There are 2 protein chains.
Amino acid sequence: MTGQVAAPDRVPTRERIVLAAADLYRRHGYTGTGMKQVAADAEAPFGSIYHFFPGGKEQLGEEVIRRAGGMYALLLPAVFDPAPDPVTGVRTFFTLAGEHLKASGWQDACPIATVALEVSGTSEPMREACAEVFSGWVQAGTERFTAEGLDPEQARAFTLAIVSALEGAFVLARALRSTEPLDAAGEALAARAAELFGAS
Amino acid sequence: MTGQVAAPDRVPTRERIVLAAADLYRRHGYTGTGMKQVAADAEAPFGSIYHFFPGGKEQLGEEVIRRAGGMYALLLPAVFDPAPDPVTGVRTFFTLAGEHLKASGWQDACPIATVALEVSGTSEPMREACAEVFSGWVQAGTERFTAEGLDPEQARAFTLAIVSALEGAFVLARALRSTEPLDAAGEALAARAAELFGAS
DNA sequence: GTCTATATCTCGATAGAC
DNA sequence: GTCTATCGAGATATAGAC
């Protein structure tokens, strides 16, 4: 009977910090994002960051990567479950990614990819966090495509190709300010899917 | 008759600065690379950077991107010219990329991709430099594959898919410390090439 | 053109009042 | 737990002797 109703500031401070950092990472990267800016965007006092993340910038970065990775993992079933077949699923995945990127003013790239490129040679804990996120995506895709009829090796290789193409197309699309790379990559992978799954 | 023999310090200061910065960018990114570190790695006096690049970090970054982009563009004919057919060329391209990345201790990613993700939302001049580099690659690939029998639209889409897959596979490979993403992406694109070019 | 010293700013991180 | 003031280090950039 503690009277837990939805409070006005329903999002806890710690959560706001993680969300704000995730948003900044995909716009400016890890090294380009300052802790003061995170605090400002999260509307949290500066000291609260070090209260919740005593490990500092690196600990915050690790958690942001894992959390963002988990959220993006939800997109896989969200797109593929309603799709009539894997070929359509692949094409839709790339199309939606392009629409979202364009709608954000070419700002919202994938935070994991940016951070992975920046810190893979600098911070081993963060590199491992990125690796675990990618591994999780690949494993989820492998299981799905295996269930849809591919043998596990094929399924894993195809998933790796999809994730790679998606991340790379994001890079080009963001720089070129065009969805063309995402459309082209999606088309190529959809054709590969048609070949693998034997559909048209 | 000015006696121009190969001098001991045959690489000019300005050149050393650009090369050192390019190397640092692909290891630590743009924001993660300091001007002092560039000077140190280039074995150049700190002030010389601002003598040659009065526009500061951004001007240096722009030139590094364009120069590195031009160097990487040379790899396309270097790999595809000796290849017996486009399918083999595609596969070789991804295989060599993986071998190089691994040989560098998973350090030498593509500097353009890293910088493109970091600054596309921050610095318009640098975003344009990245876009021009990518456009150049895509145009070169389009011309080559058109000459090999594809119609221009197919050739352009296929080139975009290749570059996207390559850049994305680099991201995963660097984080996972494995060439598996590059091999899988190469396999998928080689299969697509076989389909497009009608070879086996 | 080369090189050093330094100005100015912002970074990540900490201390301590409340 | 919240918030402010501030530290020391490192950043970019500049001034000026040589």
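Letters go in sequence order (proteins before strands), and every chain restarts at 1. Because the structure is predicted, anything quoted here is derived from the model rather than measured.
Here the side chain of B:Arg192 pairs no donor or acceptor atom with the backbone of A:Leu189 at under 3.5 angstrom. Formation of a donor-acceptor pair under 3.5 Å by the A:Arg26 side chain with backbone atoms of A:Asp108 is not found in this model. Between the A:Glu118 side chain and the A:Tyr30 main chain, a donor and an acceptor come within less than 3.5 Å of each other.
Atom CD of B:Gln107 has more than 12 neighbouring heavy atoms from other residues, nucleotides or ligands inside a 6.0 Å radius.
As rounded to whole Å, 9 Å separates atom P of C:dA13 from atom CD of A:Glu58. Look at NE2 on B:His28: it is 16 Å from C1' on D:dA11, rounded to the nearest Å. Spacing between atom OH of B:Tyr30 and atom C1' of D:dA11 amounts to 12 Å, rounded to whole angstrom units. Distance NZ (A:Lys36) to C1' (D:dT4): 11 Å, rounded to an integer number of Å. A straight line from CE of B:Met35 to P of C:dC9 spans 18 Å, rounded to a whole angstrom.
Sorted by first and then second residue, the side-chain hydrogen bond (donor to acceptor under 3.5 Å, both in side chains) pairs involving residues 37-53 of chain A (not counting sequence neighbours) form an empty list.
Between A:Thr13 and D:dT2, a side-chain N or O to OP1/OP2 separation shorter than 4.0 Å is present.
The stretch residues 37-57 of chain A touches DNA chain D through A:Pro45, A:Phe46, A:Gly47, A:Ser48, A:His51, A:Phe52, each having a heavy atom within less than 4.0 Å of the strand. Within residues 117-129 of chain A, no residue places a heavy atom under 4.0 Å from DNA chain D.
For the pair A:Ala22 and A:Pro111, the tightest heavy-atom approach, listed with the atom from each and the gap, is O-CB, 4.2 Å.
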Would B:Thr114 and B:Tyr25 satisfy side chain to side chain contact (heavy atoms under 4.5 Å, CB included), going step by step from the backbone distance to the final call?
-> CA-CA 8 Å; B:Thr114 311; B:Tyr25 285 179; over 6 Å; no
Mind running side chain to side chain contact (heavy atoms under 4.5 Å, CB included) on B:Val90 and B:Phe80 for me, showing each step along the way?
-> CA-CA 8 Å; B:Val90 168; B:Phe80 277 84; 4.0 Å; yes
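Within the 4.0 angstrom heavy-atom criterion, only backbone atoms of the sugar-phosphate kind lie near B:Thr33; the bases stay farther away.
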